[in-house]
Amino acid sequence: MGRAFVYVILGGGVAAGYAALEFARRGVAHGELCIISEETVAPYERPALSKGYLLPEAPARLPSFHTCVGADDERLTPKWYKEHGIELVLGTRVKSADVRRKTLITATGETISYEILIIATGARALKLEEFGVRGSDAENVCYLRNLADANRLVAVMQTCTGGNAVVIGGGYIGMECAAALATNRIKVTMIFPEAHCMARLFTPKIAGFYENYYKSKGVKFIKGNVLTSLENDSEGKVKAVILKDGTRLPADMVVVGIGIRANTGLFEGQLHLEKGGIKVNGRMQTSNTSVYAVGDVAAFPVRLFGNEIRRLEHVDSARKTARHAVAAIMTPKTTGDLDYLPFFYSRVFTLSWQFYGDNVGNVVHYGDFNSGRFGAYWTNKGVIVGAFLEGGSREDYEAIAKAVRFKAAVKDTHELESTGLEFALRA
Ligand code: FDA
Ligand code: NAD
């Protein structure tokens with residue numbers, strides 16, 4: 001049993017959706033392209049799952065957030081794929097791949113062969129078990145990576161109004177879910193090992209602003225601590241979280257966001273790996289010329305950082321690497337190396353921030369940390385390498401992005417601090 005396609009996209013997430021749009025724009029013929037996804041729905045904008053999807057009033061639901069609405073582009077519904085002759089093989093896990101033979105084998109035993117493969121398998125959420133804590137399969141312990149997780153989280157949340165939630169992890173998932181839980185009138189305690197939230201990106205000063213804001217919404221923080229076990233009731237539900245210092249926190253539900261691992265497993269030993277991902281060149285091509293990798297699973301050279309290999313776990317990178325790979329496949333002669341400006345963002349409560357570039361070097365904060373109109377620049381060797389801004393306008397964000405993209409020169413950091421956002425607007 002088997003099927004053959006010219007192009008196969010393995011994975012049906014954000015990158016797959018944007019790759020499909022690019023294929024369609026560049027004129028893929030009917031029957032040439034197929035997307036294989038373990039998920040049962042067509043590609044969608046994953047960021048919606050920790051934002052609009054969790055709202056107590058008028059929550060976002062499919063089909064409203066299929067890709068590529070997140071970039072103000074066409075909404076690719078199942079009907080769109082049909083009209084474009086793109087095969088969606090949904091609810092199907094690929095269990096092995098052979099890049100020499102150019103074949104994939106699905107969990108149901110079907111062989112799908114390709115001429116060109118795009119790996120867009122994204123990542124999976126790390127489990128508490130991987131840190132030696134048992135019991136995270138209890139029905140009121142929630143992770144958040146896909147639509148099924150989000151549905152479960154919503155169902156558990158609805159039984160906990162007025163109750164206690166413990167959020168494990170102070171990264172993106174922890175912060176966005178804590179805000180959603182508080183908005184759903186659930187009492188939230190966040191626990192994480194670092195001294196402040198969002199430690200991979202925020203400075204202590206930036207984190208201080210968000211932590212104070214969260215506290216004003218009733219969220220409690222326990223920092224520099226980790227959980228050691230979950231305490232269950234007689235029905236197997238978690239009723240408390242036990243921390244390393246012995247603290248016992250009663251819990252009606254637990255949300256876990258302790259990081260991810262890229263889904264590289266099918267290709268280990270077949271393709272070059274780096275930084276926990278599949279290594280690609282600036283055209284998103286792996287060590288096998290018929291295989292490309294995009295999105296969270298790809299480790300690619302960032303020209304702005306001297307072609308240092310980075311694996312980024314953000315939606316903008318998934319969208320742009322996917323589109324670039326398709327351009328490189330369909331128009332190889334006119335497509336050079338991707339020149340990508342890393343871009344991260346988040347929205348919580350009524351707050352909203354954006355970050356561009358790299359958070360290395362010296363930090364210069366500016367603005368008013370009480371009113372929520374503030375930002376920061378990272379400078380290295382006399383130029384701007386990173387920029388963060390809370391509550392900016394489109395024009396403001398474009399200005400800080402430009403300051404990073406063109407490595408605006410900084411003569412005097414005191415002046416940078418006092419001119420603040422104006423520096424980018426004038427640069
Ligand atoms: P993605 O994870 O989207 O898709 C991977 C796909 O591959 C899935 O459909 C999966 O089922 C499938 N797959 C994997 N292995 C398979 C196999 N063996 N067989 C078949 N299918 C397989 N970023 C940001 O910049 N701003 C934001 O606000 C957010 N918000 C956000 C919220 C939440 C809840 C999450 C989980 C993530 C974010 N992100 C984000 C991160 C962003 O969503 C992420 O970077 C992209 O989804 C990555 O896109 P990919 O297509 O690479 O992976
Ligand atoms: P993360 O890497 O952002 O944060 C992980 C957090 O868990 C950190 O605070 C870390 O210290 C903590 N942690 C690690 N081990 C722990 C342990 N044993 N006990 C307690 N805490 C522990 O990862 P995440 O928040 O799980 O997010 C998952 C992925 O989803 C990331 O790729 C992220 O980029 C993506 N995402 C992005 C956004 C956004 O960009 N706005 C939003 C949601 C999710």
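Here the structure is a predicted model, which means the values were calculated and not measured. Indexing begins at 1, ligand by ligand and atom by atom, following the structure's order.
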Does atom [atom1] ([X]) have a neighbourhood of more than 12 heavy atoms from anything else shown, all under 6.0 Å?
{"X": "R248", "atom1": "CZ", "result": "yes"}
{"X": "R261", "atom1": "CZ", "result": "no"}
{"X": "K223", "atom1": "NZ", "result": "yes"}

Decide whether a cation-pi geometry holds between K320 and Y18; the criteria are a distance under 6.0 Å from NZ or CZ to the six-membered ring centre and an angle within 45° of the ring axis.
->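 So K320 doesn't make the cation-pi contact.
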If you measure from each heavy atom of I173 to ligand 1, is any distance below 4.0 Å?
->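 In this structure, I173 qualifies as a contact of ligand 1 - some heavy atom is under 4.0 Å.
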Below a 4.0 angstrom heavy-atom separation, can you tell me which part of [X], side chain or backbone, both or neither, approaches ligand 1?
{"X": "T92", "result": "backbone"}
{"X": "R347", "result": "neither"}
{"X": "E38", "result": "both"}
{"X": "Y345", "result": "both"}
{"X": "A120", "result": "backbone"}

Using a 4.0 Å heavy-atom cut-off, which part of [X] comes near ligand 2: side chain, backbone, both, or neither?
{"X": "Y172", "answer": "both"}
{"X": "Y345", "answer": "backbone"}
{"X": "I260", "answer": "side chain"}
{"X": "H314", "answer": "side chain"}
{"X": "R200", "answer": "side chain"}

Are side-chain N/O atoms of Y356 and Q354 paired as donor and acceptor at under 3.5 Å?
->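 Yes - a donor-acceptor pair under 3.5 Å links their side chains.
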Closest protein heavy atom (residue, atom, distance) for [atom]:
{"atom": "atom 11 (O) of ligand 2", "value": "E194 OE2, 2.2 Å"}
{"atom": "atom 25 (O) of ligand 2", "value": "I173 N, 2.8 Å"}
{"atom": "atom 4 (O) of ligand 2", "value": "G171 CA, 3.3 Å"}

Would you call P193 a ligand 2 contact, heavy-atom distance under 4.0 Å?
->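 In this structure, P193 qualifies as a contact of ligand 2 - some heavy atom is under 4.0 Å.
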Heavy-atom donor-acceptor pair, S290 side chain to I116 backbone, under 3.5 Å |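 No.
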H365 and F369 aromatic ring geometry - parallel, tilted or perpendicular at 30°/60° bounds |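 Perpendicular.
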